[in-house]
Amino acid sequence: MPELPEVESARSVLERSALGRRIVAADDTDGWVCRPHPPGEIALALVGTELTAAHRRGKTLWCDTPGGPVLGIHLGMSGKIVIADADGREVDGGDHWEFGRQPGDFRFSRFSLDFADGGVLHLVDPRRLGRIRLDPPLDALGPDAALVTAAEFGERLGWSRAPVKARLLDQHVVAGIGNLLADEILWRAGLVPGRPVDGLTPAERRRLHRTVRSTVDDALHDGGVHTLPLVPHRRPGGRCPRDDAELCRATVGGRTTFWCPAHQR
DNA sequence: TATAGTGTTATCGG
DNA sequence: ACCGATAACACTAT
């Protein structure tokens, strides 16, 4: 289940295995995943063309077509991009963060593109929280969390009374931070997730920006959010890997949140 | 068996 | 208008 690093990995699958292949059919019949498009609308727009570039900002992916619409792809919580060859064998994608799915299992394919050579691109998404749409709105997304500058971050973080974690999870503020990444960032920055943003000192705000950047860089470089130090300890009874205190647990920003009572203030 | 969950969006109420 | 909480989506893991 993807956060920014896993979505970047899906983008590289698209770039490596989907670009420049002529599309001969598309299955867009899942009306929930493909909303608001009626069945057939996405297929009509894509058949006969090809994908020419794969982009990402935060957790949102999109592909260009020559002179045609942009194909927007969001993986949601359980989506992944899997490429199969003409014999149905998986040749790219699908090998990360999943619910024990076996290669070649396309029961939960919610959208697919058939290429002229017999290859197939699948959006495999058991929970149907992912989304496919033409010309997705991208303007509301904040800057990518791997690239955001201190000035942009400070401006978009704002000075409301909202819990700092709720602001980090808001994709309009910064794009790409999910629940695990947010807990890791606040743990590294030494901030309690429930702290109101308007109570942060200038030094704490600067430290938070630097920690966003370094944590996302680490996760990208090391192969995903699971490689971050706090993440394996985020469970009831888990202890802080820095000082061994039992982690606190609460709902913050609508999501289950863990933090260390010893070093997060 | 019951519950929680790595995401987003619409809607409701303060 | 801003902000936060909640439900919906549907399946898997504990």
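Labels below follow one simple rule: chain letters A, B, ... track the order of the sequence lines, proteins then strands, and each chain is numbered from 1.
At a threshold of 4.0 angstrom between heavy atoms, the contacts of A/Arg35 with the nucleic acid are absent. The residue A/Ser160 sits close only to the backbone: its heavy atoms come under 4.0 Å of sugar-phosphate atoms, none of a base.
A/Ile132 has its CD1 atom 15 Å from the P atom of B/dT8, to the nearest Å. Going from atom CZ of A/Arg101 over to atom C1' of C/dA13 covers 17 Å, rounded to whole Å. Rounded to whole Å, atom P of B/dG7 lies 18 Å from atom CD1 of A/Ile73. The distance from atom CG of A/Leu61 to atom P of B/dT8 is 11 Å, rounded to the nearest whole Å. Whole-Å rounding puts the A/Met77 CE to C/dA13 P distance at 14 Å. Summarising the geometry, the separation between CG on A/Leu123 and P on B/dG7 is reported as 16 Å, rounded to the nearest angstrom. Here B/dT9 presents its P atom at 12 Å from CG of A/Leu129, a figure rounded to the nearest Å. Going from atom CZ of A/Arg255 over to atom P of B/dT9 covers 13 Å, rounded to whole Å.
Of the candidate nucleotides B/dG7, B/dT8, C/dG4, B/dT8 has the atom lying nearest to any side-chain atom of A/Gln171. The listed nucleotides are C/dG4, C/dT12, B/dG7; the one nearest the side chain of A/Arg107 is C/dT12. Side-chain proximity of A/Arg131 to the nucleotides B/dG7, B/dT9, C/dT12 is greatest for B/dT9.
Between C/dA10 and B/dT1, the distance separating the two P atoms is 22 Å to the nearest Å.
Aromatic ring orientation, A/His209 versus A/Phe153: tilted (interplanar angle from 30° to 60°).
Using a cutoff of 4.0 Å between basic side-chain nitrogens and carboxylate oxygens, A/Arg56 and A/Glu8 are scored as salt-bridged. Under 4.0 Å is where a charged nitrogen must lie from a carboxylate oxygen, and between A/Asp170 and A/Arg167 at least one such pair does.
Annotation: of the two residues near DNA chain C, A/Phe108 and A/Trp32, the 5′-most nearest-nucleotide partner is A/Trp32.
Contact annotation: A/Arg110 side-chain N/O to C/dC11 OP1/OP2 distance is under 4.0 Å. Listed pair A/His74 / B/dG7 fails the phosphate criterion, with no side-chain N or O lying under 4.0 Å from OP1 or OP2. Regarding contacts with the backbone of B/dG5, a side-chain N or O of A/Arg249 is found under 4.0 angstrom from either OP1 or OP2. Side-chain N/O atoms of A/Thr256 include none lying less than 4.0 angstrom from OP1 or OP2 on B/dA4. Between A/Arg128 and the phosphate of C/dC11, there is no side-chain N or O to OP1/OP2 separation shorter than 4.0 Å.
The closest side-chain donor-acceptor pair between A/His55 and A/Asp64 falls under 3.5 angstrom.
Considering A/Val82, A/Leu14, A/Ile23 as possible partners of A/Leu121, the one that fulfils the side-chain contact (heavy atoms from CB on, under 4.5 Å) test is A/Leu14. The residue from A/Ile73, A/Leu61, A/Ile81 that alone fulfils the side-chain contact (heavy atoms from CB on, under 4.5 Å) condition with A/Arg11 is A/Leu61.
Judged by Watson-Crick or G-U wobble contacts below 3.5 Å, the nucleotide B/dT3 has C/dA13 as its partner.
Interface remark: the A/Arg127 side chain does form a donor-acceptor pair with the B/dG5 base, using a distance-only criterion of under 3.5 Å.
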